[in-house]
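Reviewing the structure listed below.
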Amino acid sequence: MTTLYKKIDGVLHYWETWENADANEAYVHYGKIGEEGITETFDTSENTEYVNQIQKMMDNLDGYGEISDDDFQILLIEYLVDGFGTKED
């Protein structure tokens, strides 16, 4: 999986791609952080050009880049449950 980011007018955008060999599909997913985004699906079973298509898309991503692990922050959410909780918790 490759994930790239870019700030546009102060809003963080993402562009990511990954492959699901079991489903014979590759995906490109992009949009604004916090929104659903857009997903494009490529059939990998009979289409050997999908790698070139995705690479061309990546080549046109001006200003996008990776975020280092040091730039991430941890968000820990805790809440009280009665007893040991339930499966729904």
Side-chain angles (χ1 to χ4, degrees):
M1 178 176 209
T2 299
T3 305
L4 305 173
Y5 301 92
K6 178 181 181 179
K7 268 197 179 176
I8 302 173
D9 296 327
V11 178
L12 192 59
H13 289 69
Y14 64 91
W15 188 95
E16 58 188 356
T17 183
W18 69 95
E19 187 173 352
N20 181 344
D22 294 336
N24 291 319
E25 293 180 334
Y27 309 96
V28 170
H29 182 236
Y30 54 92
K32 296 178 185 176
I33 294 289
E35 296 184 5
E36 187 175 340
I38 298 168
T39 302
E40 296 183 35
T41 304
F42 297 84
D43 178 4
T44 63
S45 62
E46 297 179 16
N47 179 7
T48 58
E49 280 296 308
Y50 76 94
V51 173
N52 292 335
Q53 292 171 318
I54 292 173
Q55 185 60 53
K56 284 181 187 178
M57 295 171 86
M58 287 180 74
D59 292 344
N60 290 322
L61 292 174
D62 186 37
Y64 278 78
E66 294 181 350
I67 296 178
S68 83
D69 290 342
D70 294 337
D71 291 331
F72 283 96
Q73 296 185 13
I74 295 174
L75 172 64
L76 178 63
I77 300 174
E78 296 182 12
Y79 63 96
L80 184 63
V81 295
D82 186 23
F84 290 105
T86 65
K87 290 181 181 179
E88 289 78 26
D89 290 339

When rounded to the nearest 0.5 angstrom, what is the spacing between [atom1] in [X] and [atom2] in [Y]?
X: I33; Y: K7; atom1: CD1; atom2: NZ; result: 11.0 Å
X: I67; Y: L12; atom1: CD1; atom2: CG; result: 5.5 Å
X: Y64; Y: H13; atom1: OH; atom2: NE2; result: 5.5 Å
X: E19; Y: N24; atom1: CD; atom2: CG; result: 8.5 Å
X: Y50; Y: T17; atom1: OH; atom2: OG1; result: 9.0 Å
X: H29; Y: T41; atom1: NE2; atom2: OG1; result: 10.0 Å

Check: Should the pair Y5 and F72 be assigned to parallel (<30°), tilted (30 to 60°) or perpendicular (>60°) ring geometry?
Finding: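 Aromatic pair Y5/F72 classed perpendicular.
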Notebook entry, point to check: Is it true that atom NZ of K32 has more than 12 heavy atoms of other residues, nucleotides or ligands lying nearer than 6.0 Å?
Noted result: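 Incorrect, the count does not exceed 12.
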Margin query: To check you understand the geometry: which heavy-atom pair defines the closest contact between A26 and T44, and what is its length?
Written below: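 So the minimum-distance heavy-atom pair works out to N-CG2, 3.6 Å.
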Notebook entry, point to check: So, Y30 and E40: side-chain donor and acceptor under 3.5 Å apart, yes or no?
Noted result: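 The answer is yes; a qualifying pair exists.
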Check: Side chains of D70 and S68: is there a donor and an acceptor less than 3.5 Å apart?
Finding: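 On atom types as modelled, these side chains do not qualify, holding no pair under 3.5 Å.
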Margin query: With clusters defined by side-chain heavy atoms of hydrophobic residues (ILVMFWY) lying less than 4.5 Å apart, directly or transitively, does Y14 cluster with I38?
Written below: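 No, I38 does not connect to Y14 through the hydrophobic network.
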Item checked: Shared hydrophobic cluster, L61 / M1 (ILVMFWY, side-chain heavy atoms < 4.5 Å) ->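 They do not share one cluster, since no chain of ILVMFWY contacts under 4.5 Å joins L61 to M1.
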With the side chain counted from C-beta on, respond yes when [X] and [Y] share a heavy-atom pair under 4.5 Å apart, and no when they do not.
X: Q53; Y: V28; result: no
X: E66; Y: L4; result: yes
X: W15; Y: M58; result: yes

